[in-house]
Amino acid sequence: MEQYKRVRGMHDILPGETEKWQHAEKIILETVRLFNYRELRTPVIEERALFERSIGSESDIISKEMYTFQDRKGRNLALRPEGTASVVRAFNESGMQEARKVSRLYYYGPMFRYDRPQKGRYRQFYQFGVELLGGRSPLYDAEVIEILDTIMKNLETGGHYFGVNTLGCPDCRERYAGKIKSYLLSVSEKLCQDCRTRMERSPLRILDCKNASCKEQTRDIPSIREILCAECSEHFGLLAGCLDRKGIPYKVMDNLVRGLDYYTKTVFEVFRSGDDNAVAAGGRYDTLVSQLGGADTPAVGFAIGMERLITVMESPLPEVPALYLVCMGSGARDAGAGIASGLRMRGITVETDYDDVPLKAAMKMADRAGVKWCAILGDREMERGVVLLKNMSTGVQEEIAAASFITKAVERVKP
RNA sequence: GUGGGUGUAGCUCAGAGGCAGAGCGCUAGACUGUGGAUCUAGGUGCCGGGGGUUCAAUUCCCCUCACCCACCCCA
């Protein structure tokens, strides 16, 4: 028989790893709850145009990485490559903006991009994201950054810091793009091929190029912060002050520009110390909601790349069942089933096996399960109306009357 | 999309144009109802797939697929 294999770019998250995921999910959920964010679940499939309009059809995500298809009725659909567009779509569609001045939402689920697989990068990958809609003040930017900071701290990633920058409002951005072009026009032949095409499509991205020659050419270009309008400048200043007061570690990074078109003003990424791949990133998108047909609603949010987060976080201690139940003989197995139920009802994790194996083999299974306690029930014990309880780490074994076994075992096993 | 690396036992990997290897794990026994430690014994297998060169290919050549890494992109 031929073995089926996972399709390229897809990955299984196996036991041993799922514990890590669940731990991360738990910390994240506890954190957003403290800030009173509520979950929004959207479908994995959306109209293709939704993403083209929000992310920008010039971007790589849309032009080469999206899973698109037609359904049986010829609708043009796509597997979501990110979460924000769907959240905004649902926000607009549900009339949520009528009900509250500020909506605090989070989402979690798989996203799809046809990328070449790499470390921490898969074609189906998971993002956890937070979106705050309806808040204009930089204090809201600081709030979502604080959420991310809290998550990183609680997951013991071994230190992290934020990169922060501003892209300004659309006016500032356009002005700055013009400035970059005027700086680089005369030296365009010294730029890499990619950057030459970026000159037209998204000149800001040239600042982010890793090519040495490109870096050389962009070195003297002034920071965008020097040409911001009064409002954008104030916004960034207030945010910085707020982050300072909260004690959140950050660096202002001139070359931090986001690849998605919808960002305005604040953009940020969080890095694990000593790592240059961002674990999570986000920013403000004040024009997206209206651009997708909603009321004029400023917004800010971030998304965590779960696979990346998993690679930088501390592993939780593995969970081990509390007790292993060994039964020999069918009568003992019947009685054992009752004991197992009784223990589980009292919150004790019990593992057992139903194969008729010699005690030696069963003990080996118990050992391998990593349990501290082992209950043994065979014909001899049945006859005498007792159950053996063995402490696997000390080797000490006691005999307990079957009638009181569950209560006694709970006492021993529960610390 | 570009570049590099790797595919051999369940796992980690060594190997060489001529019998397929080690460590770990696994199974059994020493110990017949007690796990871990020790000793002894044991099977580990389409050497990723296809083609070519050769008397002979797991080894050399070509193609292909998969995985890993970097770039790119992005979280």
- Task: Check whether any side-chain nitrogen or oxygen of A/Q118 sits under 4.0 Å from OP1 or OP2 of B/A70, and answer yes or no.
- Result: yes
- Task: Quick one: label A/R205 by what it contacts on the DNA or RNA (base, sugar-phosphate, nothing), any heavy atom closer than 4.0 Å.
- Result: sugar-phosphate
- Query: Can you tell me how far P in B/G17 sits from the matching atom in B/C61, rounded to whole Å?
  - Reply: 13 Å
- Would you classify A/I61 as touching base, sugar-phosphate or nothing, given that sugar-phosphate means primed atoms plus P, OP1 and OP2, and contacts are heavy atoms under 4.0 Å? sugar-phosphate
- Query: So does A/R412 pair up with A/E398, basic N to acidic O under 4.0 Å?
  - Reply: yes
- Atom CZ in A/F69, atom CG in A/N76: separation rounded to 0.5 Å? 10.0 Å
- Determine whether any donor atom in the side chain of A/E381 lies under 3.5 Å from an acceptor atom in the base of B/G33, or the reverse, and answer yes or no. yes
- Message: In whole Å, I'd like the distance from the CH2 atom of A/W373 to the P atom of B/G36.
- Response: 20 Å
- Message: What contact category does A/E269 fall into here, base, sugar-phosphate, or nothing, at under 4.0 angstrom with non-hydrogen atoms?
- Response: nothing
- Span that lies between the C1' atom of B/C72 and that of B/A14, in whole angstrom: 36 Å
- Task: Quickly work out the A/Y324 OH to B/U34 P distance and round it to whole Å.
- Result: 17 Å
- Query: Does the side chain of A/Y37 come under 3.5 Å of the side chain of A/E39 through a donor N or O and an acceptor N or O?
  - Reply: no
- Message: Of the options B/G35, B/A75, B/G4, whose atoms approach the side-chain atoms of A/R113 most closely?
- Response: B/A75
- Task: Measure the spacing between CG of A/L239 and CG of A/D244 and express it to the nearest 0.5 Å.
- Result: 9.0 Å
- Message: When you compare the side chains of A/E131 and A/Y285, does any donor N or O come within less than 3.5 Å of an acceptor on the partner?
- Response: yes
- Query: Is there any salt bridge (charged side-chain N to carboxylate O under 4.0 Å, His left out) pair reaching into residues 142-158 of chain A, and which pairs are they, with sequence neighbours excluded?
  - Reply: A/R104-A/E143, A/E146-A/K246, A/D149-A/K153
- Item | A/R368 (side chain) and B/G36 (base): donor-acceptor pair under 3.5 Å | no
- Task: Scan A/K64 against the nucleic acid and name what it touches under 4.0 Å (heavy atoms): base, sugar-phosphate only, or nothing.
- Result: nothing
- When you check the side-chain N and O atoms of A/T42 and A/R80, is any donor under 3.5 Å from an acceptor? yes
- Message: So A/D60, base contact, sugar-phosphate only, or nothing? Heavy-atom distance under 4.0 Å.
- Response: sugar-phosphate
- Task: Could you check whether A/A366 gets within reach of a base, just the sugar-phosphate, or nothing at all, counting any heavy atom under 4.0 Å?
- Result: nothing
- Task: Give the rounded distance in Å between these two atoms: CG of A/L323 and C1' of B/G35.
- Result: 14 Å
- Task: Starting from P on B/G35, measure out to CE on A/M328 and report it in whole angstrom.
- Result: 12 Å
- Closest-nucleotide 5' rank along RNA chain B - winner of A/N277 and A/V7: A/V7
- Item | Atom-pair distance (CG on A/D115; P on B/U2), nearest Å | 14 Å
- Item | N/O (side chain, A/R380) to phosphate O (OP1/OP2, B/U34) under 4.0 Å | no
- Base B/U34 to side chain A/K364, donor-acceptor N/O within 3.5 Å cut-off: no
- Query: In whole Å, what is the span from the CD atom of A/E383 to the P atom of B/G33?
  - Reply: 15 Å
- Message: Classify A/K360 by what it touches in the nucleic acid, base, sugar-phosphate, or nothing, heavy-atom distance under 4.0 Å.
- Response: base
- Secondary structure of RNA chain B per the Watson-Crick/G-U criterion (both distances under 3.5 Å; [ ] crossing, | other strand, . unpaired) is (((((((..((((....[..)))).(((((.......))))).....(((((..]....))))))))))))....
- Charged N to carboxylate O under 4.0 angstrom, A/D115 versus A/R113? no
- What about A/R121, does its side chain sit under 3.5 Å from the base of B/C72 through a donor-acceptor pair? yes
- Message: Can you say whether a donor on the side chain of A/R308 sits under 3.5 Å from an acceptor on the base of B/C74, or the other way round?
- Response: yes
- Find the distance A/R116:CZ to B/C65:P and express it as a whole number of Å. 11 Å
- Message: What I want to check is whether the side chains of A/E25 and A/Y108 have a donor and an acceptor closer together than 3.5 Å.
- Response: yes
- Item | Proximal nucleotide (of B/U2, B/U34, B/A75) relative to the A/Q127 side chain | B/A75
- Check: A/Y324/A/D353 side-chain N/O donor and acceptor closer than 3.5 Å: yes
- Is B/C69 in the syn or the anti form, by the rule that syn lies within 90° of 0? anti
- Query: Looking across every strand, which nucleic acid part, if any, lies under 4.0 Å from A/G395 by heavy atom: base, sugar-phosphate, or nothing?
  - Reply: base
- Task: Using the P atom on both, measure B/A16 against B/U59 and round to a whole Å.
- Result: 14 Å
- Task: Using the closest heavy atom to pick a nucleotide of RNA chain B for each, name whichever of A/R8 or A/G120 lands nearer the 5' end.
- Result: A/R8
- Message: If I pick the C1' atom on B/G23 and the same atom on B/A9, what distance separates them, to the nearest angstrom?
- Response: 12 Å
